[in-house]
Amino acid sequence: MTRIVWFKRDLRTTDHRPLLAAVEHGPVLPVYIVEPAYWAAPETSRRQWVAIRGAVEELAESLRRLGAPLVVRVGEPAEILRTLQRRHGVVAIHAHEETGNVLTYRRDRAVHAMCQEIGIPFHEVRQFGVFRRLQDRDQWARLHRAHMSATPLPEPAAFVAPPGLAGDPLSTSEALPSPEALGLAFDGCDAPQPGTRREALRLLDSFLAGRGARYRRAMSSPLDGADACSRLSVALSTGALSVREALHRCFAERRRLAALPPAERAVPLTAIDSLVSRLHWHCHFIQKLESEPALEWRSQHAAHEARRKPTPADDPVLEAWATGRTGLPFLDACMRSLIATGWLNFRMRAMVQAVASYHLALDWQASGTRLARLFTDYEPGIHWPQVQMQSGQTGINTPRIYNPVKQGLDQDPDGAFTRRWVPELARVPLALLQEPWRMDADAQRRAGCMLGVDYPLRIVDHEVAAREARERLTETRKTAGYRSEATRVYVRHGSRARQDRGERSPAAKPAPARRKADQLTFDL
């Protein structure tokens, strides 16, 4: 009575309901399938595979300790699962639901069809606080709270592999392929952040033990945020750590710290509260893509979709933006940092996307695809709704046209981040660092940086470009039926939280100006 547990982006043995359910019925065949078709998609990259591969290797160690080896196969999932079912008389397949891209959606449907054809059940259960076929967004917060308040599930006790697994050439594990074998060329990131459970627990423990003390103050800084933020996003994207387990660890530590005098707390309670809020938003955004998969390729608001102009993949402006060669120093520093590290704090993610869409008038899908493959922590359900939000495509979010010069002055006041990632400007005086175009020829020679030779001339006048973007946005918002369409978007996707989250019904009163939308600080 063997059952397959199919691991996807849930690479752990703790808080894993499909694994526990399968173990209750007898022998278990754990399976992980490397899908070359997925890794050929334009939003995937070497850094993502390196993070996932490490998490798969760690998962294999855990499963071996529990008694059943992980079977790794490379190919098309439906056919691989069909072969394993025939070889071992598998009576059911267990897996978590996944909110991914259109490729993973079609893959899951193919597995469902295969299971129906051969007459075995395919049991899929919820992994996050995300609900399939959700009919009423008004109910989401209650459902999410119920899911997350339940105690995380324990790791199962020892279990057994199906008889005859050892020595079967069609069931033995294949080696995890190298990035090169999957066609994933080096992408500028020498050491992607690991996506393992071991690393996630280390990061969470260090955050709660003191590293998160500056979280609320430092999260907006691209330099300080790299240390002050929790950095859990990579492990959450691989599934090595569940959101629910992270939340419960935060709750337990908050209760412990609340009993201590404030001076004895390693981190302030507000830092933990902020992290809990970010974990809440993790599921809020994934629910959007779950409820409307077309957000991957279609603007959320119909009026914005009607005015979209596709950007070719080889567009020179897109390439300059994506490689940090726009002549806007702080923007370029953020993009080069992202290329080299695979991570960027949320405010800067919002800024680079906004500049691409507003100032450079690039299509959000083209720029979003380039960003997706730069993020080691790429999570489709967060990424595409965020890309649309920062590009002004939703109709329910306040458009934010970030000034890249002002952001540099505010978030990098001493210029350390900009100089680190744009070394061509290392000798430029601080007063001119974010606006090198103000240097005359003599100043450029003294700084050892000739514009147009050593560092690009700015690709746009950011102030003029922002004005033009506002005009385009105003024209779109004058479109007939814009408000009613925005109401439709809100009913389907908008937050029902009482506090201002940056999303509100078109019929609602504006939130007080002093409130700050939490989505601006969505840092994991």
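The chain is numbered in sequence order, starting from 1. When reading the values below, keep in mind they use all heavy atoms of this one structure, side chains included, and skip hydrogens, waters and symmetry mates.
With a 4.5 Å cut-off on side-chain heavy atoms, V355 and H462 do not count as touching. Between L430 and L433, some side-chain heavy-atom pair lies under the 4.5 Å cut-off. Within the 4.5 Å cutoff, the side chain of F417 has no heavy atoms near those of the S221 side chain. Between W321 and L328, the closest side-chain pair of non-hydrogen atoms is not below 4.5 Å. The shortest distance between side-chain heavy atoms of K288 and W384 does not fall below 4.5 Å. Contact of the F330 side chain with the L409 side chain is not registered, since no non-hydrogen atoms from C-beta on lie closer than 4.5 Å.
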| task | For the pair D442 and R445, evaluate salt bridge (charged side-chain N to carboxylate O under 4.0 Å, His left out) and give the outcome as yes or no after the intermediate values. | result | CA-CA 5 Å; D442 286 342; R445 280 191 287 271; 2.3 Å; yes

| task | Output, in order, the C-alpha distance, side-chain angles, deciding distance and verdict of side-chain hydrogen bond (donor to acceptor under 3.5 Å, both in side chains) for Q127 and S242. | result | CA-CA 8 Å; Q127 176 173 202; S242 76; over 6 Å; no

| message | Run R231 and E199 through salt bridge (charged side-chain N to carboxylate O under 4.0 Å, His left out) and show every step you take. | response | CA-CA 10 Å; R231 303 299 301 270; E199 177 68 3; over 6 Å; no

| side-chain hydrogen bond (donor to acceptor under 3.5 Å, both in side chains) between T323 and E319: does it pass, once the steps are laid out? | CA-CA 6 Å; T323 57; E319 185 65 19; 4.6 Å; no

| said: As a quick check of understanding, evaluate side-chain hydrogen bond (donor to acceptor under 3.5 Å, both in side chains) for S237 and D377, giving each step before the final call. | reply: CA-CA 6 Å; S237 71; D377 58 11; over 6 Å; no

| task | Could you give me the CA-CA distance, side-chain angles and deciding distance for W281 and S495, then say whether side-chain hydrogen bond (donor to acceptor under 3.5 Å, both in side chains) is met? | result | CA-CA 10 Å; W281 282 107; S495 168; over 6 Å; no

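The side-chain tip of R470 does not point at the ring of Y358 from less than 6.0 angstrom away and within 45° of straight on.
Partners of W421 according to the side-chain hydrogen bond (donor to acceptor under 3.5 Å, both in side chains) rule, which considers only residues two or more places apart in sequence or in another chain, do not exist here. Evaluation of the side-chain contact (heavy atoms from CB on, under 4.5 Å) rule for S178 yields R53, E180, A181 as partners, not counting sequence neighbours. Take A361 and apply the side-chain contact (heavy atoms from CB on, under 4.5 Å) test, not counting sequence neighbours, and it matches R472. Under the rule for a side-chain hydrogen bond (donor to acceptor under 3.5 Å, both in side chains), the partners of E98 that lie at least two apart in sequence or sit in another chain are R9, R107. Legend: residues meeting ring pair (Phe, Tyr, Trp, His ring centres under 6.0 Å) with F375, ordered by chain and number and at least two apart, are H383.
Atom CD of Q300 is separated from atom CZ of R488 by 7.5 Å, given to the nearest 0.5 angstrom. Here R47 contributes atom CZ and L184 contributes atom CG; the two are 11.5 Å apart, rounded to the nearest 0.5 Å.
Residue R106 places its CZ atom among 12 or fewer non-hydrogen atoms of other residues, nucleotides or ligands, all under 6.0 Å distant.
Sorted by first and then second residue, the salt bridge (charged side-chain N to carboxylate O under 4.0 Å, His left out) pairs involving residues 355-368 (not counting sequence neighbours) are R308-D363.
Screening H280, H284, H282 for a ring-ring contact (aromatic ring centres under 6.0 Å, His included) involving H144 leaves a single residue, H280.
When all heavy atoms are compared, the tightest approach of W437 to G327 is CZ3-O, 3.5 Å.
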